[in-house]
There are 2 protein chains.
Amino acid sequence: MASSTTEASTWLRQNGLRATLGRIAIVRLLFESTVPLTLAEIHDKMRGEGCDFATVFRFISILEKKELVERVAWIDGSTRHEIRARDGDHHHHHYLICRTCHKIEPIDECVVEHFEDQIAKERGYASLSHSLQLSGVCPACQKPEAGKKGK
Amino acid sequence: MASSTTEASTWLRQNGLRATLGRIAIVRLLFESTVPLTLAEIHDKMRGEGCDFATVFRFISILEKKELVERVAWIDGSTRHEIRARDGDHHHHHYLICRTCHKIEPIDECVVEHFEDQIAKERGYASLSHSLQLSGVCPACQKPEAGKKGK
DNA sequence: GTAGTTGCAAATTGTTTGCAAGCCT
DNA sequence: AGGCTTGCAAACAATTTGCAACTAC
């Protein structure tokens, strides 16, 4: 926990960025989250150690320009951000979203990679990437009385 | 061309909607487009026969409430809208987008359907749907001098 | 010390609503 | 005729920027 602070500031400096308290807090959130976050979520989760919304906005923009963070257009129209894979730690591209309680589950398998190669070959596109989101109603929300559960 | 006007107003009335000039123009655009459109694109393409942006906004909202049009969160963060399948005419769920010239190509094959069933079974989700977008650099934009081409 | 970073507030852009006038049926 | 629909303008929300004070290196 204290070590993840060290980890975050090391990561920042390795990437040529200054390590301020706000940035460290943001990076820790990105490291710890298994799902992409909105700017508002990042800002909200920092109450206490917080920094201004404009700082979140600008810092995430910097990370995206450096390709350390990826911008994801979410299926509900919001924009989310997730840190790119560090070393061996591969990250998720695919999510399963409950339309009722908005829970987000990562999906590890990737059925698209092979298809992506095929399309690249067939149509001559370069450096393809993809985004896949499934949405449905999760088991808990299918139970009538439990419908209002979750956040 | 004149016939697509008739077609559009017939479609409107079949769905219990009044056929005004603005609405007919919007519906024709939706019928003719092979890719989802933004509200701004719909509004822009109507110069002449045009109607107000608020009308586009409200009419598309009505169509979405009636589930005649589907809202799509685009990979670049914008929101797009596409008409749902009419009769036999199946529509596209998948697109290939050029990151340089922003050209959009529909993809007919669907590799996700089988995967969707599998996930539904494994995790107990109901009424799954999905959204898949591939992005890359199209053949034209890979040629150095042609990089500025496209729109 | 200096350049990069921050918070605050304002500017900008995009989305949504209220209302009186007009149009479709 | 009557209610649905429209255009206009204003309200609202979200994103982005300017600037002086501050901080990491």
Side-chain angles (χ1 to χ4, degrees), chain A residues 5-30 36-66 68-69 71-74 76-81, chain B residues 5-30 36-66 68-81:
Chain A
T5 297
T6 315
E7 202 190 334
S9 62
T10 302
W11 183 86
L12 281 165
R13 273 182 281 256
Q14 279 173 348
N15 288 291
L17 295 161
R18 288 198 181 175
T20 66
L21 289 180
R23 288 176 170 203
I24 290 168
I26 294 171
V27 169
R28 286 183 56 184
L29 284 175
L30 293 172
L37 301 169
T38 62
L39 294 181
E41 283 168 354
I42 294 170
H43 183 237
D44 290 349
K45 290 188 186 198
M46 286 194 307
R47 306 225 167 281
E49 258 183 294
C51 63
D52 194 76
F53 184 86
T55 299
V56 177
F57 170 80
R58 280 181 292 214
F59 182 52
I60 295 292
S61 301
I62 289 170
L63 294 178
E64 279 167 355
K65 226 163 289 161
K66 290 193 161 244
L68 297 167
V69 160
R71 174 181 290 237
V72 187
W74 211 242
D76 66 3
S78 61
T79 302
R80 290 176 174 271
H81 310 266
Chain B
T5 297
T6 314
E7 202 190 334
S9 61
T10 303
W11 182 86
L12 281 165
R13 274 183 280 257
Q14 279 173 347
N15 288 293
L17 295 161
R18 289 197 181 172
T20 65
L21 289 180
R23 287 174 173 206
I24 290 168
I26 293 171
V27 169
R28 286 182 56 184
L29 284 174
L30 293 172
L37 301 169
T38 63
L39 294 181
E41 282 167 356
I42 294 170
H43 182 237
D44 290 348
K45 290 189 184 194
M46 286 195 307
R47 307 225 166 280
E49 257 182 297
C51 63
D52 194 76
F53 184 87
T55 299
V56 177
F57 170 80
R58 280 182 291 214
F59 182 53
I60 295 291
S61 300
I62 288 170
L63 295 178
E64 280 167 354
K65 226 163 288 161
K66 291 193 160 242
L68 297 166
V69 160
E70 190 162 356
R71 173 181 290 239
V72 188
W74 210 244
I75 205 168
D76 65 3
S78 60
T79 302
R80 291 177 173 270
H81 311 265

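Below, read A as the first sequence line, B as the second, and so on, with proteins coming before strands; counting in each chain starts at 1. Just so you know, these numbers come straight off a predicted model, no measurement behind them. Scope of the values below: all heavy atoms of this structure, side chains included, with no hydrogens, waters or symmetry mates.
- We find that CG of B/L12 is positioned 15 Å from C1' of C/dC23, with the value rounded to whole Å.
- Here the side chains of B/K66 and B/L17 are in contact, with some heavy-atom distance below 4.5 Å.
- When rounded to the nearest whole Å, the span between CZ of A/F53 and C1' of C/dA10 equals 16 Å.
- The neighbour count for B/I62 CD1, taken as heavy atoms of other residues, nucleotides or ligands under 6.0 Å away, is above 12.
- The separation between B/R23 atom CZ and C/dG22 atom P is 19 Å, rounded to whole Å.
- Atom OG1 of A/T55 and atom CG of A/L21 lie 12.0 Å apart (nearest 0.5 Å).
- No side-chain heavy atom of B/H81 sits under 4.5 Å from any side-chain heavy atom of B/L63.
- Heavy atoms of B/A19 sit under 4.0 angstrom from primed sugar atoms or phosphate atoms, though from no base atom.
- Within residues 59-66 of chain B, no residue is approached by DNA chain D to less than 4.0 Å at the level of any non-hydrogen atom.
- An OP1 or OP2 oxygen of C/dT5 is reached within less than 4.0 angstrom by no side-chain nitrogen or oxygen of A/R58.
- Interatomic distance, CD1 of A/I24 versus OG1 of A/T6, reported as 8.5 Å (0.5 Å rounding).
- Separating the CZ atom of A/R13 from the C1' atom of C/dT5 is a distance of 15 Å, rounded to the nearest angstrom.
- For the pair B/T38/B/W74, no side-chain contact is recorded, criterion being any heavy-atom separation below 4.5 Å from C-beta on.
- Side-chain contact between B/E64 and B/V69 is present, with heavy atoms from C-beta onward closer than 4.5 Å.
- Residue A/T20 has a polar side-chain atom (N or O) positioned under 4.0 Å from OP1 or OP2 of C/dT6.
- Residues A/C51 and A/I26 have side chains in contact (heavy-atom distance under 4.5 Å, counting atoms from C-beta outward).
- Both B/G50 and B/R18 sit near DNA chain D, but only B/R18 has its closest nucleotide nearer the 5' end.
- In terms of position along DNA chain C, the nucleotide closest to B/L39 lies nearer the 5' end than the nucleotide closest to the other residue of the pair B/L21 and B/L39.
- Mapping heavy-atom proximity under 4.0 Å, the span of DNA chain D touched by chain A runs 5' to 3' from D/dT16 to D/dC25.
- Residue B/D76 contributes atom CG, which lies 14 Å from atom C1' of C/dG14 at whole-angstrom precision.
- Whole-Å rounding puts the B/H43 NE2 to C/dT13 C1' distance at 16 Å.
- Counting only heavy atoms from C-beta outward, the side chains of A/L30 and A/I60 approach each other to under 4.5 Å.
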